[in-house]
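Input: a single structure, listed below in structure tokens.
Protein chains get the first letters and strands the later ones, always in sequence-line order, with residue 1 at the start of each. As the structure is a computational prediction, the values presented were derived from the model and not from experiment.
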2 protein chains.
Amino acid sequence: MKDIEREILLGFWKVHILHHAGEEPICGQWILNELRRHGYSISPGTLYPLLARMEERGWLKGKSDPAGGPRARKDYRLTLRGRQVLEYIRAQVKELYDEVVTDK
Amino acid sequence: MKDIEREILLGFWKVHILHHAGEEPICGQWILNELRRHGYSISPGTLYPLLARMEERGWLKGKSDPAGGPRARKDYRLTLRGRQVLEYIRAQVKELYDEVVTDK
DNA sequence: TAAGTTATTACGATAACCGATGTCGTAAAT
DNA sequence: ATTTACGACATCGGTTATCGTAATAACTTA
């Protein structure tokens, strides 16, 4: 099960993250909770570097209260570029679904 | 684009691989071609270790002509365990699709 | 001050990548 | 019938990127 998560599901979660960040600003803890709610777990050491990477790539933009110190909560939202990426991925998800689930 | 492939699409491709291996025996080249047909590329150095890993995990079973030498073509097919894994993943793909594409 | 919430760091383990190489089968050339 | 050349496949080696677990640090609130 752990194998499947690492090999495949983690990628799915990344899509979820982009999707949610497009609907409302989200922070790391929110994501951890959301996944836990679905019965999964991802460790901080995986999640935060992942978010940082997405920000580097210009998919997300994080903003934290400047008065809150270096580890203040950071809310991420989807950038314009991120929106394009998400659109593109959506098309891929649809393809995958059509082929693997509905057997089109 | 390269970023997206590495970060997300590679996982999708793995699902494709399992799916196809469930329908007919496939070899590495077949996969490389299939992806190229769809406009993507993956290097042998990524694909073959990936297949080896899936075999280790018992998702795939590869068979090559014993008279063909050490680098003979190897055809992979889905194992029983692989079938279970695929079923599980299918459910996840459906969830992802419902949430991210159809916005259910 | 203690507890809760949140993000970051450290670093070993795994996975991904590229390029080059080795092996076989087959068809063409002689 | 040999040899040569080529195409199809898998594997290896070295490097970089990503993941995972556990520990840590900074604020906030009680």
Atom CG of B:Leu50 and atom P of C:dT14 are separated, to the nearest Å, by 16 Å

What are the two closest heavy atoms between B:Leu9 and A:Gln92, and how far apart are they? CD2-CG, 3.8 Å

Measure from the side-chain heavy atoms of A:Lys74 and tell me the nearest of C:dT8, C:dC17, D:dA10. C:dT8

Between CD1 of B:Ile8 and C1' of D:dC19 the distance, given in whole Å, is 16 Å

For B:Gly45 and A:Leu32, find the nucleotide of DNA chain C closest to each by heavy atoms; which residue's nucleotide sits nearer the 5' end? A:Leu32

Nucleotide D:dC12, atom P - distance to CG of B:Leu47 in whole Å: 15 Å

Does A:Lys2 come within less than 4.0 Å of A:Glu5, counting only side-chain N to carboxylate O? no

What integer distance in Å separates B:Trp30:CH2 from D:dG7:P? 23 Å

Check the phosphate of C:dA15 against B:Lys14, side-chain N and O only, distance under 4.0 Å to OP1 or OP2. Yes or no? no

Are side-chain heavy atoms of B:Leu18 and B:Met54 found at a separation under 4.5 Å? yes

Can we say B:Lys63 and B:Asp75 salt-bridge, meaning some charged N sits less than 4.0 Å from an Asp/Glu carboxylate O? no

Side chain of B:Lys2 - closest among D:dG20, C:dC18, D:dT24: C:dC18

Does the D:dA26 base have a donor-acceptor partner in the side chain of A:Arg71 within less than 3.5 Å? no

Donor-acceptor pairs under 3.5 Å, side chain of residues 21-33 of chain B to any protein atom, not counting sequence neighbours: which ones?
residue: B:Asn33; atom: OD1; partner: B:Arg36; partner atom: NH1; Å: 3.2
residue: B:Asn33; atom: ND2; partner: B:Gln29; partner atom: O; Å: 3.4

Using the closest heavy atom to pick a nucleotide of DNA chain C for each, name whichever of A:Tyr48 or A:Glu7 lands nearer the 5' end. A:Tyr48

Below the 4.0 Å mark, does C:dA13 have OP1 or OP2 next to a side-chain nitrogen or oxygen of A:Arg6? no

Rounded to whole Å, the OH-P distance (B:Tyr76 to D:dC9) equals 13 Å

B:Leu10 CG to D:dT18 P, straight-line distance once rounded to whole Å: 12 Å

Tell me the interatomic distance from A:Trp13, atom CH2, to D:dT18, atom P, rounded to whole angstroms. 18 Å

Without decimals, in angstroms, what is the distance between A:Asp65 CG and C:dA7 P? 13 Å

B:Arg73 side chain N/O closer than 4.0 Å to the phosphate oxygens (OP1, OP2) of D:dC9? yes

Using a 4.0 Å heavy-atom cut-off across all strands, classify B:Pro49 as base, sugar-phosphate, or nothing. nothing

Is B:Ser43 near enough to C:dC17 that one of its side-chain N or O atoms lies under 4.0 angstrom from OP1 or OP2? no

